[in-house]
Amino acid sequence: MLRKSDKKLLTIISVLPTALISLFTLILSTIVIHENEIKKNSVIELLYQDSIIKEKERVKQQVDYIYNQIIVEEKLAEEKIRGILKERVEESFNALSLIYNQNKYKSKNDIIKLISCILRKTRFNNGRGYFFIYNMEGKNLMHPIKSEIEGKNHLHYTDADGKLLIEDYIQSIKHNGGGFNKWREDNPNQEGEYLKKISYIKYFEPLDIFVGSVEYGDNIKKDVQDKLLSWISDIRYGNNGYILILDKSGNILSHYDKDRINTNIYDNNQNIEKEFIDVLDEKLNNKDSIFSRYLNYFNSVVNNDKTKLSYIRKYDDWDWYISAGVYTKEQKELISSKENILIEKNQQELMQILMVMLILAFSLALLSLTISKYVGRRFTKFQMRISNDFNVLEKTKNKMQHMALHDSLTQLPNRFMLESKIEEEIVKVKENQKKLALMFVDLDNFKKVNDHYGHDVGDMLLKKISARFTHIIKDNNMVARFGGDEFIFFFSNLNSKEEAEIAVNKIQNIFNDEMIICGKEITTGCSIGIAMYPDDADNSSDLIGKADIALFKLKGGQKGSSLFFDKTINEEVNYQFTLENELKNALDNDEISLVYQPQIEVKTGKIYGVEVLSRWDNKTLGVVSPVQFISVAEETGMIDDIGDFVLKKSCEDIQKVMPNGENAIMLSVNISPKQLIKKDFVERIMNIVCKSGIDISRITLEITENILISDLDAAAPILLALKKLGFGISLDDFGTGYSSLSYLNNLPITEIKIDRSFVNSLFTNNQSETLIKAIIAIGSSCKMTVVAEGAETKEQLDKLKEYKCDLVQGFYLDKPLLINELQDKYS
């Protein structure tokens, strides 16, 4: 049933649209006629402007094309000259090699004289190109143009730009064996001007000299300019278009009228300002191009009209002005006929628009009457549907509120609801002077369940565990899914920590029984980090954070148990985080240093080699144990950079103080498991060792047994490749693992190291003595070097001598030394 107000509304809807359409049609017709007149005039003007813009674009394209072609030709010419220079030097090297091979019995100076005699007379590029010779100390041995500099050292010679030319040559040879160079030198024939030159040099190793070829850059430039000007003079576009090129003095370099070439614009037209080029430069004013209407210095062929719109672009390197233009009167005549056609077309379009508007207005009025009747019928139906939809919306709102506060998989409360509930309970326990325990629960090995059984089984496991969790929740306590395989419990109104421990036991007991999912028996456990209110924190965010810290600490070493947060844990975790952050910048801050512990040959008592050890002294943490920071580096992925640094620095240090040779000492470098299994490990360390210059045979890479246990199949081929390249492979801490002997048979081990624990208990444990004898015997039978670590006393050293151990290292023999201390003591 429609109300009275609704009936009035329907009447207005029926009449108003027709009236508005009629009024709108009248107003619109008036506006269209007026706007059409304005549009007609505007379009005519735009027609002219558009024509000018197109012509401007055309001439701009012509000039830009010429400009770009100049750049291309200049580069091509220089590349061609470079090719000639390089080709001449390569050809000369054939002669040099022949002369050298035929005169090896002669002295170096005599051979150089023979070579100089031949190259001094050799010219190329129409006699402009020549050769020169220098030795690697910067002394000129031959220069056909400047014979006065022969025999003099030019190592500190600088060109017109202050560049150390000969020094650049030598550095180029050291790094690349030679190459191209450009420089400028004073023009002896014109004060204040410079000659640009290009050279190519190459090192002739047998005589320790380098030979270069030279060409003048200005000759290249002149050749290119002549070629381009000849080509540009023949370019025409449109009816009257051509390209004009001027230099900074007003000389015409290119013109379609060949008679004007090499004349001056000031001589051709006495009305031109004498400061024309200066005015042009001022208009350009840091721009490389402009449009100008006053460059009408040559008579137009169009109705004797000299008004011309020109586009000028300056090529700074040569002081050239490149210009092309369009005559404005010619453009106006071109569009006059188009203007008449446009006016006639405009009138026709106006009549068509008015006709369409009248038809449209009539159609809209008829349509509005039809729609108003339809609206009346639909209006009643909408009122009924709105009432029904309101009820649906209310139900949807309630469902969305539940979804916003609950986890979609387990239907447990989510993090948002959890934090709100914790804050409510904190207020209550504070009033009652009670405690609240928040427990951060993480399922152990949940990823393995997903990987082994699939994510569907993992989801069902989470649902089943969640259902069991809810059985131990009472009163105002709560369990929520925090994300992934993490859950958070809180237990309110506790009197002591002991009551919290009882709750922890309830959670852990849930995992005692196996869970059957899809016919599969799945066993899992959990780790729990606990934080207490008010002992550890006074709000939900901090309680969750403290419990997470306790869980993090627990997962690092005691997975499967529980841990209450305390200050000690916080300090340890903060220390760990600080260590990790500081380690990121340790190399950049030059905080990591190296020491070298000597390895003494038992038979001779002389130094055989050294083991490089890293040390870290941080301004915030102080001295950090390698055991601590190496493990962090492995976890965070920084071990590659640190390992590369240790290998590079130790190779450079040892090669510097104890170079390759007959009595050169060995270098042992520890390799992390994370480094070894990287795909580019072998290539990377080869580059480092080769750049240092140290012999590969001097380097032994130490690996620990955990590398082999974790991924023997991946490690074995890498170790074999390293052995083939010449590296020694040492098995560190030999005898402490359960399968050490099998590795000796299957891997390319060249050295075994007796763990210091066996040496330390040599006189207190008979088993250690037996093991040491056995390890030495195994090494001898397998032709492997045996190294004993941790010799701290004379008695231990004497015993190792008695057992015929090959090498010994330890504080009794020497402490780890800085490189300068090692050099002073053993070199």
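Heavy-atom basis, side chains included; hydrogens, waters and symmetry copies ignored.
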Could you walk me through whether Asp680 and Arg684 pass the salt bridge (Lys or Arg N to Asp or Glu O under 4.0 Å) test, one step at a time? CA-CA 6 Å; Asp680 63 341; Arg684 200 169 69 248; 2.9 Å; yes
If you define the side chain from C-beta out and look only at heavy atoms, does anything of [X] sit under 4.5 Å from [Y]?
{"X": "Lys753", "Y": "Glu789", "answer": "yes"}
{"X": "Phe681", "Y": "Met686", "answer": "no"}
{"X": "Leu443", "Y": "Phe511", "answer": "yes"}
{"X": "Asp459", "Y": "Leu409", "answer": "yes"}
{"X": "Leu817", "Y": "Val595", "answer": "no"}

Distance-minimising heavy-atom pair for Glu702 and Asn670: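 The pair with the smallest heavy-atom distance is OE1-OD1, 3.1 Å.
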If every non-hydrogen atom of Lys434 is compared with every non-hydrogen atom of Asn495, which pair is closest and at what distance?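 Nearest pair, atom of Lys434 first, then Asn495: NZ-OD1, 2.6 Å.
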Please list all pairs passing the side chain to side chain donor-acceptor pair (under 3.5 Å) test where one or both residues lie in residues 475-488, with sequence neighbours left out.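 Passing the test, one end in residues 475-488: Asp407-Arg481.
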Is atom [atom1] of [X] surrounded by more than 12 heavy atoms (other residues, nucleotides or ligands) closer than 6.0 Å?
{"X": "Lys691", "atom1": "NZ", "result": "no"}
{"X": "Asp590", "atom1": "CG", "result": "no"}
{"X": "Lys421", "atom1": "NZ", "result": "yes"}
{"X": "Glu498", "atom1": "CD", "result": "yes"}

Using a strict cut-off of less than 4.0 Å between a Lys/Arg side-chain nitrogen and an Asp/Glu carboxylate oxygen, indicate whether Lys555 and Asp444 qualify as a salt bridge.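 So Lys555 pairs with Asp444 through a salt bridge.
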Answer yes when Lys674 and Glu634 have at least one side-chain N-carboxylate O distance shorter than 4.0 Å, and no when they do not.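 Judged by the 4.0 Å cut-off on N to carboxylate O distance, Lys674 and Glu634 do not form a salt bridge.
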To the nearest 0.5 Å, what is the distance between CG on Leu554 and CG on Asp548?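 Output value for this atom pair is 11.5 Å.
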Could you tell me whether Lys497 sits above the aromatic face of Phe564, with NZ or CZ closer than 6.0 angstrom to the six-membered ring centre and within 45 degrees of the axis?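 So Lys497 does make the cation-pi contact.
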Given the rule in the salt bridge (Lys or Arg N to Asp or Glu O under 4.0 Å) test, do Lys649 and Asp653 qualify, once you have shown the distances and angles that lead to the verdict? CA-CA 6 Å; Lys649 185 74 168 75; Asp653 283 350; 2.9 Å; yes
Are the aromatic rings of Phe440 and Phe482 close, with centres under 6.0 Å apart?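 Yes, close enough.
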Applying salt bridge (charged side-chain N to carboxylate O under 4.0 Å, His left out), which residue pairs with at least one partner in residues 447-458 are found, sequence neighbours left out?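 Listed once each, the pairs are Lys447-Asp451.
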Output all residues satisfying side-chain contact (heavy atoms from CB on, under 4.5 Å) with Glu419, sequence neighbours left out; order by chain, then residue number.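 For Glu419, the residues satisfying side-chain contact (heavy atoms from CB on, under 4.5 Å) (neighbours in sequence not counted) are Arg415, Ser540, Ile544.
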